[in-house]
Amino acid sequence: MGRNRELPRGYTPGTMEEKWYAFWIRKGLFEAEIDTDVDGRRRPPFSIVIPPPNVTGSLHMGHAFNNTFQDIMCRTRRMQGYNVLWLPGTDHAGIATQNVVEKDLATKGLTRHDLGREAFVEKVWEWKKIYGDRIVTQMKKLGNSCDWRRERFTLDAGLSCAVREVFVQLYKKDLIYKGKYIINWCSRCHTALSDLEVEYDEAPGKFYYVRYPFEDGAGEVTVATTRPETILGDVAIAVHPRSEQFKHLIGKKVRVPLTGDGGAESLRLIPIIEDNMVDPEFGTGCVKITPAHDPNDFLVGQRHDLPQLQVIDGEGFMNENAGAYKGLSVKEARERAAEDLEKGGFLIRTEDIRHAVGHCQRCSTVVEPCLSEQWFVRAKPLAERGVKAVQDGLIRWIPEQWEKTYFQWMENIRDWCISRQLWWGHRIPAWICADCGHVTVSATDPTECESCKSANITQDEDVLDTWFSSALWPFSTMGWPEKKPELEYFYPTSLMVTGFDIIFFWVARMIMMGLEFMDAEPFKDVYIHSLIRDEHGQKMSKSRGNVIDPLDMIEKYGADALRMALAALSTQGRDILLSSGRIETYRFFMNKLWNAARFALINLSDEAEAIDPGQLRLQDRWILSRTQEIVESETRLIDEYNIGEAARLLYDFIWGDFCDWYLEMSKPALHGEEGEARKKTVQGILDEVFRTLLPLLHPYIPFVTEELWEAFGYSNEERESIMQTDWPLPKGGYRFDAAEVRETMRNFQETVRVLRNLRAEAHVAPQQWMNKAVIRMDRPEFVAMLKETLPMTTLLCRVKEIEVLPASSPRPHASLSSVIGEGEISLHVGDVLDLDAEIARLKQELLSVEKTVAVSRGRLEKPDFVARAPQEVVEKERTRVAEGAAQITRIQENLKSLSG
RNA sequence: GGGUGAUUAGUUCAGAGGUAGAACGCUUCCUUGACACGGAAGAGGCCAGAGGUUCAAUUCCUCUAUCACCCACCA
């Protein structure tokens, strides 16, 4: 069979991982073809598109977890006979990448403007070529089973074509428009941002209470503002229409402080208007309106047809409309305005407050709300379809709770600003005519204005938000707008795996775009996983210095250990706290598995031995039935995407049940102490269990399982890898009355534990053999179990002779004893018996038994319980009381004889 | 202001309507036929608090407290 009977003593990942990855690629095992099975049927498809990482990025734990999850699903489905496509790729990541390259230029004292647009973009492409492969290499190290032939990049030719097509179609449907609106402006990145790209942080600020005198100088209104520099852009004062205090002022005019060229008369005049947005309870009840620099004020301005007076430019400096303030930065202008207000007698008082300030997601610069001409996607109609698709059950959120988050956002969606004033990205396919001003939007580069036929047209300078192209990812990667067969076969994809932080950025937008352009949901299931944090629950970040690099971990512990750790630590709906120590735990598990395999291989013959059902003993029936249970549980848990539970179950089963109990119990048979027939059967069982477990483990720890699969000699010409699609996941073979087998085994384990415990109590050295133990027991099935397992008990507890007697037999002398069931186990210790210690221990035991009996009695005394609880539960309590009573009597007798 | 999640052993977390489990750490012992990256035996928990549903609640429901996170235009 070609078994490798001499595995090295310890498991070392070493070069093994590289070897197997190359093997998988060479065999084309990850390649998805739209093929048919032997009967000419198409195999069911299972497809995932990877969340594309930033092309210049480096693999972090978040990726590692996200990818491991997908790989586990893909590998499992592949073995289950699905035709699996896991489509990989990377994202051009507009702002992020441009920033990185600009930073690099800055070290040479250059800006992108020194290079010019074309040369700069060329430079970014070079950068992409250098770093783009890095993250792909890293994903391979993790073991990702992606179809690399199909790798895509959001800026490659095919995807760019899709982006243009989508833009043009949306424009034609009036779902994309250009307009002058207030947007979020990052003065460092020099670009507009969408609402999502602004992060709000609480920051200390000041409330300035400012006096606005009436036109005639008789009286004033007071307004509270956090941004006095924007007073220069004020065009109105608003009050609530039903405000008793202020409504009589509506229509009057006030003068704007800080304006004019000296003297009260030169101050600009603005009207007092009414608007519902004013909260009469907040601040002074009067609000200054600056439509060009505040989103709310912008809306008020629209409603009241107010002018939009811009006083801050795109660089974050005051412009010509700011009069004497021109050229000052926003910060300087604010300080200066405060001083001037004070000097001019307009400042009543200031108040320290904390308020939310928007920052750029990419560079943390304070974001200015700013009036600007930008492109927008009209989101509402798209979102309505997106909501309906989920309501209709086309898309399932897992865990379900995220559905609510999604609905809430979609129902309150606002138009999406998609133009960015960057150079790195998809250039907007719109051409402006210098002669007639008409905008020509076209999928192919036009040569003339579609309106006046002038050739004097120039393309819009802006590029699209990165997320615009990401939104198309599930279908653009499969060749859309061309009608490719894979698009039809693999779309909608089966599953999307991602973190909750990009539900709005990405998931919601993919749903909207997929429904709009494919007329079908982009994925059937969307699994939202939690975030990876450090062991103290802190977000991992370079500045905190608490980053655990997955590549370091792979180097140190192996990819399998990292993957198993990530899988086993994952739970639905809770962050994962990771430390290198936790990964080490799973490294130890690899070693355990390895050595269990090593033990099996040492003891297996070169031939596969058949299991003789007539030779099966308790432990054999137990491990076979447990293995069967594990197969069933794994299948179910994977279908529920509960990989955490699935991984932990395998861990516990292998370490606890298989190694600690079964392997120990298999030793006498394997060493021929139970006869040749037993030896062969136990060999057959070891073979069977490994043959079942290795494929089950494979999705989590692909490298070591492949290595062991080979060592067991399971590979052959037709079946070169457990990954191959004609090697379905095991269904398990032997069936026993699992409950009965389990219960009997539990009694056996309990007996062993009690005896070992008595040994420990007597301070007997582990290697020392005890002479005799007596088990007094009446229950027939328990007695039968004891008789069957006697040699095993003897071995595991190191007692030369174990006698099973009726429960009523006299208590043996010079023994330690402990109750079990309604019976008792006594271990002969001879002179070593420490009377006082034994009495103390028995008293302890008595107390605990009395307590459980009291609880059960209490229950049984309640008529309702007996009447309404299920029969088996009542029966259980009765057994407990009966056993307990017997135990109490025994312990008391023991105590009496010891003290007497 | 709205929403979501969490609260269980020293720590990090599983868990299920019927007397609480793991890992790491801790104590004692052991190099015994795969594994010291190991084995055996232990200690350690009124499962956040208060109500309710139920024969039975740590588990389901409501409220409270504390801690996270998300969304929202409070100037």
Side-chain angles (χ1 to χ4, degrees), chain A residues 7 9-11 195 200 207 223-227 230 238 277-279 281-290 294-300 355-356 369 399 401-402 404-405 408-409 412 500-501 503-504 530-531 535-537 557 561 568-569 571 573-579 581-582 584-603 644-645 648 651-652 655-656 659-660 663-664 667-668 670-671 752-753 756-761 763-768 796-798 851-852 855-856 859 862-870 872-874 876-877 880:
Chain A
L7 288 185
R9 265 178 90 82
Y11 156 77
D195 296 333
Y200 289 89
F207 243 158
V223 169
T225 180
T226 53
R227 305 187 55 194
T230 64
M277 67 79 85
V278 181
D279 176 358
E281 304 300 314
F282 188 82
T284 63
C286 301
V287 185
K288 68 193 232 16
I289 301 299
T290 322
D294 183 280
N296 294 314
D297 295 3
F298 175 78
L299 294 174
V300 175
H355 63 146
Q401 77 212 42
W402 292 108
K404 210 167 174 178
T405 310
Q408 217 161 35
W409 189 71
N412 299 304
F500 60 79
D501 48 334
I503 286 178
F504 306 141
S530 35
L531 248 47
E535 57 192 311
H536 304 109
Y557 304 116
L569 291 171
T571 52
R574 211 186 233 205
D575 288 343
I576 299 163
L577 273 52
L578 196 70
S579 65
R582 274 179 203 153
E584 196 178 26
T585 301
Y586 293 92
R587 167 63 237 270
F588 294 160
F589 174 67
M590 296 306 130
N591 194 58
K592 189 73 180 175
L593 176 70
W594 182 266
N595 279 293
R598 178 169 180 264
F599 170 79
L601 285 165
I602 289 169
N603 289 290
E645 190 65 21
R648 290 189 294 268
Y651 180 99
D652 291 340
W655 204 307
C659 291
D660 287 346
L663 288 189
E664 289 308 316
K667 284 173 182 174
L670 292 171
H671 292 125
V752 170
R753 276 197 201 99
R756 283 172 168 172
N757 175 262
L758 291 177
R759 290 182 61 109
E761 289 294 337
H763 297 292
V764 181
Q767 71 275 25
Q768 191 189 324
L796 294 178
C797 305
R798 295 200 167 228
K851 211 169 128 194
T852 52
V855 171
S856 292
R859 286 190 178 180
K862 285 160 87 176
D864 275 351
F865 174 73
V866 182
R868 309 184 93 160
E872 71 218 55
V873 174
V874 178
K876 218 165 161 184
E877 294 296 348
R880 238 176 229 147

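Keep in mind that this is a model prediction, so the values were computed, not measured. Chain letters run A, B, ... following the sequence lines, proteins first and then strands; every chain starts at 1.
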Taking A:R587 first and then A:E584, would you say they form a salt bridge - that is, a charged N and a carboxylate O separated by under 4.0 Å?
no
Among B:rA34, B:rC69, B:rA14, the one nearest any side-chain atom of A:A596 is B:rA34
Ignoring the backbone of A:D864, work out which of B:rC55, B:rA23, B:rG39 is nearest its side chain.
B:rC55
With the side chain counted from C-beta on, respond yes when A:L577 and A:R582 share a heavy-atom pair under 4.5 Å apart, and no when they do not.
yes
Closest to side chain of A:E645, choosing from B:rA22, B:rA41, B:rG15
B:rG15
Any strand: nucleotide that pairs with B:rU7 via Watson-Crick or wobble, under 3.5 Å:
B:rA65
Using the C1' atom on both, measure B:rA14 against B:rU7 and round to a whole Å.
15 Å
A:F282: which of A:V278, A:T284, A:D279 passes side-chain contact (heavy atoms from CB on, under 4.5 Å)
A:D279
Check every strand shown and say whether A:R759 touches a base, only sugar-phosphate, or nothing at a heavy-atom separation below 4.0 Å.
nothing
What interatomic distance, in whole Å, is found between P of B:rA43 and the corresponding atom of B:rG21?
13 Å
What's the closest nucleotide to the A:D279 side chain, out of B:rU12, B:rA75, B:rC55?
B:rA75
Nearest-Å distance once atom P is located in both B:rG49 and B:rU59:
10 Å
Cation over ring, A:K667 on A:F599, under 6.0 Å and within 45°?
yes
Say we look at B:rG18 and B:rA22: how far apart would their C1' atoms be, to the nearest angstrom?
22 Å
B:rU53 to B:rC13 separation - P atoms, rounded to the nearest Å
35 Å
Out of B:rA56, B:rA41, B:rC29, minimum distance to the side chain of A:P766 belongs to B:rC29
Would you tell me if any nitrogen or oxygen in the side chain of A:W402 comes within less than 4.0 Å of OP1 or OP2 on B:rC69?
no
On a plain distance test, is the side chain of A:R598 in donor-acceptor contact with the base of B:rC35 below 3.5 Å?
no
Side chain of A:A869 (C-beta onward), nearest among B:rA23, B:rA75, B:rC55:
B:rC55
